[in-house]
Amino acid sequence: MPTPETDQTAIRPRRSYHKLSERLQRFMAEGQFRAGDKLPPERALAESFGVSRSSIREAIRTLAEKGLLESRHGDGTYVREPDMAPLRDAIIEAMNSEGMIFDDVNEYRRIVEPAIAELAARRRTPEQLDRLKIIACDQQ
């Protein structure tokens, strides 16, 4: 029987910067940090989240790689508007280069869209939920 030390599929504990980057993403999704906002300095973030500055730097780097934050040398870190153009371009390029047909695109959407919907449902605010309820009631 494999032990956690020998089992290659054992789940590793998540590093603090992973959890921190998820928390920061949640704050952005909830509107606590909006596009264009400057984040507090690393020291202040580290104190408020109770983590090291290196964890803050790694979380910022992770979110910058996702295009959600922008670090400006000597000026700070800013929240970016998520840029969907690279994803759109990659999908279009894949469709063009592989000659995907309509059924292939639909299959891809059936795989990807439920995860996107789940993420949107988790990140929705109470105000957004109220708005959706109004829209749903108006359609009846």
Side-chain angles (χ1 to χ4, degrees):
M1 179 170 193
T3 64
E5 295 80 24
T6 60
D7 184 5
Q8 296 297 321
T9 61
I11 298 173
R12 292 187 175 135
R14 296 178 62 159
R15 296 185 179 229
S16 61
Y17 76 88
H18 286 294
K19 294 176 187 173
L20 180 58
S21 64
E22 288 175 356
R23 287 178 68 189
L24 288 171
Q25 274 186 277
R26 195 167 37 253
F27 287 154
M28 287 183 262
E30 293 169 354
Q32 294 177 28
F33 294 130
R34 298 185 189 281
D37 287 352
K38 181 177 180 178
L39 292 184
E42 285 180 5
R43 185 183 322 253
L45 286 172
E47 289 174 9
S48 67
F49 286 106
V51 297
S52 69
R53 288 179 69 185
S54 63
S55 290
I56 294 292
R57 282 191 289 275
E58 278 299 307
I60 289 172
R61 184 190 59 77
T62 300
L63 294 175
E65 287 174 356
K66 293 181 178 181
L68 299 175
L69 293 178
E70 177 183 3
S71 292
R72 299 177 189 165
H73 186 68
D75 190 27
T77 303
Y78 291 83
V79 178
R80 293 185 62 195
E81 187 71 40
D83 184 8
M84 299 308 286
L87 177 60
R88 182 198 65 228
D89 294 344
I91 291 171
I92 289 170
E93 182 180 329
M95 289 173 57
N96 290 337
S97 67
E98 296 297 323
M100 287 181 131
I101 57 174
F102 184 75
D103 291 338
D104 293 334
V105 172
N106 279 332
E107 181 179 32
Y108 174 79
R109 289 181 62 194
R110 284 192 300 273
I111 294 168
V112 173
E113 288 179 6
I116 294 170
E118 178 184 6
L119 188 60
R122 284 187 189 169
R123 293 182 176 176
R124 59 99 179 129
T125 64
E127 294 80 17
Q128 291 168 330
L129 182 60
D130 290 341
R131 186 163 182 243
L132 283 173
K133 287 177 185 176
I134 291 168
I135 292 169
C137 288
D138 287 347
Q139 291 181 359
Q140 293 179 351

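In this chain, numbering begins with 1 at the start of the sequence shown. The basis for the numbers below is simple: all heavy atoms, side chains too, and nothing from hydrogens, waters or symmetry mates.
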Self-check item: K133 side, atom NZ; Q128 side, atom CD - distance, nearest 0.5 Å
Solution: 13.0 Å
Quiz item: Which distance, rounded to the nearest 0.5 Å, do you find between the CD of E81 and the CG of L68?
Solution: 10.0 Å
Quiz item: For E22 and R26, what are the C-alpha separation, side-chain angles and deciding distance, and is it a salt bridge (charged side-chain N to carboxylate O under 4.0 Å, His left out)?
Solution: CA-CA 6 Å; E22 288 175 356; R26 195 167 37 253; 5.6 Å; no
Quiz item: Just wondering, are more than 12 heavy atoms of other shown residues or ligands nearer than 6.0 Å to CZ in R53?
Solution: yes
Between the main-chain N or O of [Y] and the side-chain N or O of [X], is there a donor-acceptor pair closer than 3.5 Å?
X   : Y   : answer
K38 : D75 : yes
E47 : A44 : no
S55 : V51 : no

Self-check item: Sequence-distant partners of E107, salt bridge (Lys or Arg N to Asp or Glu O under 4.0 Å), two or more places apart
Solution: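 Not a single residue meets the salt bridge (Lys or Arg N to Asp or Glu O under 4.0 Å) criterion with E107.
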Quiz item: Taking only residues two or more places apart in sequence or in another chain, which ones pass salt bridge (Lys or Arg N to Asp or Glu O under 4.0 Å) with R57?
Solution: E42
Self-check item: Cluster overlap Y17 with I60, hydrophobic side-chain contacts below 4.5 Å
Solution: no
If we only count heavy atoms from C-beta on, is the [X] to [Y] side-chain gap below 4.5 Å?
X    : Y    : result
R34  : M28  : no
L63  : Q25  : yes
Y78  : D37  : no
T125 : L129 : no

Shortest non-hydrogen separation from [X] to [Y] and the atoms involved:
X   : Y   : value
T77 : S71 : OG1-OG, 3.5 Å
G67 : R80 : O-CB, 3.6 Å
S21 : T62 : OG-CG2, 4.3 Å

Practice problem: Begin from the C-alpha positions of E65 and R61 and carry the test salt bridge (charged side-chain N to carboxylate O under 4.0 Å, His left out) through to its verdict. | Solution: CA-CA 6 Å; E65 287 174 356; R61 184 190 59 77; 2.5 Å; yes
Practice problem: Report the C-alpha distance between I56 and L20 in whole Å, list the side-chain angles of each, state the deciding distance to 0.1 Å, and finish with yes or no for side chain to side chain contact (heavy atoms under 4.5 Å, CB included). | Solution: CA-CA 7 Å; I56 294 292; L20 180 58; 3.3 Å; yes
Quiz item: Which residue pairs satisfy the ring-ring contact (aromatic ring centres under 6.0 Å, His included) criterion with at least one member in residues 40-60, sequence neighbours excluded?
Solution: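 Every pair satisfying ring-ring contact (aromatic ring centres under 6.0 Å, His included) with a residue in residues 40-60: F27-F49.
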